[in-house]
Amino acid sequence: MAADDVPPFRYTAALAADIELRWQQRWEADGTFNAPNPAGALAGPVADNKLFIMDMFPYPSGTGLHVGHPLGYIGTDVYARYKRKTGFNVLHTLGYDSFGLPAEQYAIRTGQHPRVTTEDNVANMRRQLGRLGLAHDNRRSVSTTDEAFYRWTQWIFLQIYNSWFDPSHGRARPITELIASFASAERATPHKPWAEMSKVEQRLLIDEHRLVYVAEIPVNWCPGMGTVLANEEVTADGKSDIGNFPVFKRNMKQWMMRITSYGDRLLADLDRLDWPEPIKLMQRNWIGRSAGARVTFDSHAGPIDVFTTRPDTLFGATFMVLSPEHPMVDVLTAAANAEAVAEYRKAAATKDQFDRTAADREKTGVFTGSTATNPVTGKQIPIWIADYVLMGYGTGAIMAVPSGDERDFSFARQFGLPIVATQMPPHAWFQSHQIAPSAICDDWKEAYVGEGTYVNSSNETLSLNGITSVSEAKEATNAWLEHHGHGEGTINYRLRDWGFARQRYWGEPFPIVWDEHGPIALPDDMLPVLLPEVEDYAPEPIDPNDEITDPQIPLARATHWTAVELDLGDGPKTYTRDLNVMPQWAGSCWYEMRYIDPVNDQRFIDPANERYWMGPRAAGDVGGVDLYVGGVEHAVLHLLYSRFWHKVLYDLGHVSSEEPFHRLFNQGYIQAYAYTDDRGQYVEAEEVVERDGKFLHNDRPVKREYGKMGKSLKNMVTPDDMYDNYGADTFRLYEMSTGPLDASRPWSTRDVIGMQRFLQRLWRAMVDEETGACTVVDTPADDATRKLLHKTIHGVSEDMDALRFNTAIAKLIELNNSLTSLSATPRDVAEPLVHMLSPLAPHMAEELWAKLGYTESLTYAAFPVADPALLVENTIEYPVQINGKVRGRITVNADADGKAVEGLAMADAKVTEALAGAMPKKVIVVPGRMVNIVV
RNA sequence: GUGGGCGUGGCGGAAUGGCAGACGCGCUGGACUUAGGAUCCAGUGAGGAAACUCGUGGGGGUUCAAGUCCCCCCGCCCACACCA
């Protein structure tokens with residue numbers, strides 16, 4: 001059958017594979033996509049126009065790729081190839097985020113060293129992606145696990161470590177400048193003058209100011225895995241993402257990075273970025289800046305600070321609530337209450353985060369037995385502890401204003417605490433609750449949080465009564481607080497400092513050693529600190545219910561490595577190395593810059609190269625990567641951390657750009673249907689058929705679900721399947737045709753054939769399927785075809801610039817379909833069509849370009865430009881509407897004016913018939929578009 | 001709960017406020033065939049013989065004109081989730 005009927009040069013999967021592999025080899029051999037730098041080892045002549053385009057780099061996981069993974073990579077490749085053809089020097093490559101938990105877990109499962117599995121996985125991904133024909137500069141592909149890479153990760157860490165944040169300048173400065181200002185007494189030191197401090201005292205004071213510091217903080221402790229986890233590695237129900245072990249909040253000594261110092265700038269500079277609004281919003285919410293006041297309440301055990309966004313309601317603060325973890329709870333608890341408090345604290349500590357933070361829970365809490373003084377009323381108010389107050393936000397203590405805060409209200413009702421109104425709600429509010437208006441809150445059913453006239457809010461020196469505006473009352477209260485030393489207006493952030501250490505193996509070692517006083521940074525010339533070999537790199541699991549035992553850090557087993565003799569300026573001494581490794585995010589915080597200068601062994605990046613590829617293009621511009629494409633899942637983590645590191649490097653003068661990623665684009669996801677049988681087992685999705693709206697597998701009904709693609713869901717389709725059955729060009733085209741790049745869409749193998757047919761038709765329009773000879777003729781195209789060609793060029797260019805590849809493909813199909821009615825394809829259409837095809841289906845385009853007689857790759861050959869003269873129509877067909885419904889059509893010379901169009905419309909036979917003598921009230925002529933007659 | 005996004009043929013999706021459904025899949029018919037799960041050609045929103053009518057989740061509004069703008073409701077997706 002059949003196979004031998006297929007003409008030898010029909011564009012089949014086999015021919016596609018032949019073409020694709022040949023061109024991929026040639027591109028590789030010629031270094032076709034190598035982009036020159038202005039300076040350094042990769043220097044060459046550079047164009048003024050440049051485009052630095054990036055994908056979020058992948059984890060080299062062991063399971064390989066499915067067809068969902070390359071969506072963004074294809075998108076950026078199409079765009080990059082298009083821009084190359086419009087004169088841009090394009091930097092595009094892809095590296096690997098190869099440190100971290102996934103690689104380590106995979107290595108542990110397979111029993112091999114993480115480096116071996118990582119390198120295997122990288123090689124496999126390179127093969128799968130290489131077959132796609134991505135136009136990457138492979139000289140620039142780096143892995144975060146390369147020693148030559150993480151050497152600079154450690155170097156940047158040291159830059160941050162050796163800096164402090166100067167609030168008066170709002171930026172980071174070298175720590176040496178802080179030391180100088182202490183030494184010159186320009187800046188005061190606490191307790192005693194700098195000169196009188198011992199070396200160790202000086203050191204500890206300086207350490208307090210560094211952007212990297214050690215602190216005892218609550219972390220996500222997962223005994224089952226023997227490590228601390230990042231927030232994003234903990235599932236919504238308080239279990240570890242991998243292994244499903246319980247996770248506990250627990251205090252532990254941790255390396256921290258002072259990202260909160262940059263809260264204001266990270267927030268403000270969002271306005272200067274070309275990012276999707278939803279992502280900016282997520283970052284704003286994550287940073288969570290709120291303006292309010294710090295208020296000090298005095299107690300017998302000392303002052304207690306609270307943060308409030310509503311200082312104006314201070315007169316209504318009838319009790320205080322502390323987080324169970326608050327450090328003052330012990331000293332505030334009276335003997336009679338000690339047992340209840342201890343019990344409550346224990347219950348809160350063992351509750352996992354999910355239970356603890358589940359919203360709309362009934363309020364719980366206990367009284368400490370102590371009171372504090374409300375600074376404006378002078379009254380004693382009880383101090384409670386309750387788990388709805390979180391240690392991780394504000395000061396871990398609140399003033400409770402039940403009349404003005406929903407949570408405080410339900411707590412007060414729960415425990416019968418007094419409620420005092422400070423604002424009179426409007427009548428409508430009382431009406432909606434069907435209660436009589438009153439500032440006595442006995443009947444109130446909820447707190448009132450809006451604007452309202454202040455009542456019950458005065459003392460001898462402050463009166464808010466009669467004020468109607470919240471902001472005015474806030475200002476008055478803040479001024480009073482500051483004047484009387486009870487607090488001040490302040491800004492609070494939800495953002496916490498970044499916990500920067502992991503007790504694992506597969507990460508960057510800290511370039512830090514310890515002596516008996518604390519940590520000491522290694523000098524730059526001792527980098528890199530290589531990850532030592534150990535017998536067993538798996539973290540040691542601890543009984544999942546054991547919250548006490550400290551983590552057994554894998555690097556501690558490298559006994560030959562942990563103790564090291566060094567001369568750090570005080571003569572040779574034995575130091576202990578820091579045993580932590582950096583979190584997954586470290587390498588991705590700066591990898592875009594290593595793409596620019598991948599082999600530079602003098603600096604992490606040459607300033608000239610950074611300026612060229614990332615520098616600001618105009619005054620006030622933040623600079624950065626021109627286009628960064630990736631999924632939304634990194635909205636707040638990677639994208640916030642990398643902004644933070646970049647800003648530190650900017651402050652220290654290492655880069656000219658203020659932001660790493662100028663423009664961000666979120667690609668959608670490819671999703672897939674999966675099917676389960678009556679036992680709930682997944683069945684092969686490819687074998688399921690649809691009949692009469694029901695889904696059947698071997699004639700048995702199955703249930704359909706929609707979501708991820710994966711091996712375990714038996715709905716995984718791999719790029720290799722696509723290469724085998726259709727070829728890479730068809731696969732690329734299919735992925736780009738199914739929708740706009742930022743939209744998620746379902747995978748449908750059945751639909752792929754459409755793009756293969758398109759390529760087959762296009763191939764057949766230029767190549768004889770029997771002989772493989774080029775059939776393009778030199779006779780010029782007819783006018784109609786030329787017009788369609790230029791309309792297509794115009795539209796496709798616009799679509800390419802706007803990343804609308806789906807509509808660009810539709811336009812190319814239209815043009816190609818019109819060619820099939822011609823006896824032969826004219827060269828003056830064939831060549832531009834091949835150019836327009838080349839970003840999308842580069843292999844076929846190269847092959848056709850060669851058949852058209854060219855020997856050079858068309859990678860840098862100019863993209864066609866539409867002739868404006870051919871874009872204007874000589875005549876225009878106007879639909880003529882009567883009251884919005886089309887009743888006739890007229891064909892009018894393009895240069896006819898509105899009056900003429902109106903005249904012709906009114907004279908049209910169908911129109912006069914439909915009008916039936918009725919007098920038009922108004923005639924609207926939209927030039928070039930339509931006519932609407934209103935009767 | 002709060003914030004954000006999205007609802008268009010059987011399916012994926014097109015449409016600067018201006019002729020809804022480009023393009024592809026599927027489907028129907030035809031061609032070539034001993035054969036078609038290959039390829040090519042034509043048709044394909046619904047109703048209707050046709051003229052025509054109805055159609056973008058539902059309801060209202062603005063406009064000469066609404067898928068598009070405004071208000072209310074319903075549904076789905078995502079993020080955050082007692083943030084003081």
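So that the names make sense, note that chain A is the first sequence line, chain B the second, and so on, each numbered from 1. Just so it is clear, the values below take in all heavy atoms, side chains as well, and ignore hydrogens, waters and symmetry mates.
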Could you state the atom-to-atom distance from [atom1] of [X] to [atom2] of [N] in whole Å?
| X | N | atom1 | atom2 | value |
| --- | --- | --- | --- | --- |
| A/Phe409 | B/A84 | CZ | C1' | 17 Å |
| A/Asn725 | B/G37 | CG | P | 18 Å |
| A/Asp751 | B/C11 | CG | P | 12 Å |
| A/Ile753 | B/G37 | CD1 | C1' | 10 Å |
| A/Asp405 | B/U2 | CG | P | 15 Å |
| A/Tyr706 | B/G7 | OH | P | 14 Å |
| A/Lys922 | B/A65 | NZ | P | 9 Å |
| A/Met755 | B/G13 | CE | P | 14 Å |

Counting only side-chain heavy atoms from C-beta out, which of [options] sits nearest to [X]?
| X | options | value |
| --- | --- | --- |
| A/Arg407 | B/C23, B/C64, B/A84 | B/A84 |
| A/Pro740 | B/A14, B/C83, B/C82 | B/A14 |
| A/Arg761 | B/A22, B/G24, B/C80 | B/G24 |
| A/Ile924 | B/C64, B/C40, B/C23 | B/C64 |
| A/Tyr388 | B/A14, B/C83, B/C82 | B/C82 |
| A/Asp387 | B/U39, B/G18, B/C82 | B/C82 |
| A/Arg745 | B/C82, B/G12, B/G24 | B/G12 |

For [N], which nucleotide is its Watson-Crick or G-U wobble mate, given both distances must be under 3.5 Å?
| N | result |
| --- | --- |
| B/A50 | none |
| B/U68 | none |
| B/G7 | B/C74 |
| B/G1 | B/C80 |
| B/A42 | B/U28 |
| B/G12 | B/C23 |

Using a cut-off of 4.0 Å on non-hydrogen atoms, how would the nucleic acid contact of [X] be classed: base, sugar-phosphate, or nothing?
| X | value |
| --- | --- |
| A/Ser748 | nothing |
| A/Glu277 | nothing |
| A/Asn492 | nothing |
| A/Arg889 | base |
| A/Ser744 | sugar-phosphate |
| A/Ile813 | sugar-phosphate |
| A/Met282 | sugar-phosphate |
| A/Asp408 | nothing |

5'-most contact on RNA chain B (nearest-nucleotide basis), A/Tyr673 vs A/Met399, goes to A/Tyr673
Residue whose closest nucleotide on RNA chain B lies nearer the 5' end, A/Val926 versus A/Phe307: A/Val926
Look at the side chain of [X] and the base of [N], then say whether one donor and one acceptor between them are separated by less than 3.5 Å.
| X | N | answer |
| --- | --- | --- |
| A/Asn932 | B/C64 | yes |
| A/Lys363 | B/C82 | yes |
| A/Arg929 | B/C19 | no |

[atom1] atoms of [N] and [M], separation to the nearest Å:
| N | M | atom1 | value |
| --- | --- | --- | --- |
| B/G5 | B/C54 | P | 34 Å |
| B/U8 | B/G58 | C1' | 15 Å |
| B/U16 | B/C69 | P | 12 Å |
| B/U44 | B/A35 | P | 29 Å |
| B/U28 | B/A46 | P | 14 Å |
| B/G60 | B/G26 | C1' | 38 Å |
| B/C64 | B/G59 | P | 23 Å |
| B/U68 | B/G17 | P | 12 Å |

Whether A/Arg10 engages the ring of A/Trp763 as a cation-pi pair (distance to the six-membered ring centre under 6.0 angstrom, angle to the ring normal within 45°) should be assessed. no
So [X] and [Y], would you call those rings parallel, tilted or perpendicular, with 30° and 60° as cut-offs?
| X | Y | value |
| --- | --- | --- |
| A/Tyr388 | A/Phe411 | tilted |
| A/Tyr673 | A/Tyr706 | tilted |
| A/His634 | A/His638 | perpendicular |

How about A/Glu406: does its CD atom have over 12 heavy atoms from other parts shown lying under 6.0 Å from it? yes
In this structure, are over 12 heavy atoms from other groups packed under 6.0 Å from A/Lys280 atom NZ? yes
Determine: side-chain N/O of [X] to OP1/OP2 of [N], distance under 4.0 Å, yes or no.
| X | N | value |
| --- | --- | --- |
| A/Asn285 | B/A79 | no |
| A/Asn666 | B/G5 | no |
| A/Lys885 | B/G18 | no |
| A/Arg887 | B/A51 | no |
| A/Arg804 | B/A14 | no |
| A/Arg750 | B/G24 | no |

Does A/Trp286 have its ring centroid less than 6.0 Å away from the ring centroid of A/Tyr493? no
Quick test of your reading of the model: are A/Asp405 and A/Arg407 salt-bridged, counting only N-O distances below 4.0 Å? yes
Considering the options A/Leu812, A/Ile809, A/Leu815, which one meets the side-chain contact (heavy atoms from CB on, under 4.5 Å) requirement together with A/Val796? A/Leu812
Determine if the base of B/G55 is syn or anti; take syn to mean the glycosidic torsion is within 90° of 0. anti
Have a look at A/Trp384 and tell me which of A/Phe319, A/Tyr344, A/Phe415 forms a ring-ring contact (aromatic ring centres under 6.0 Å, His included) with it. A/Phe415
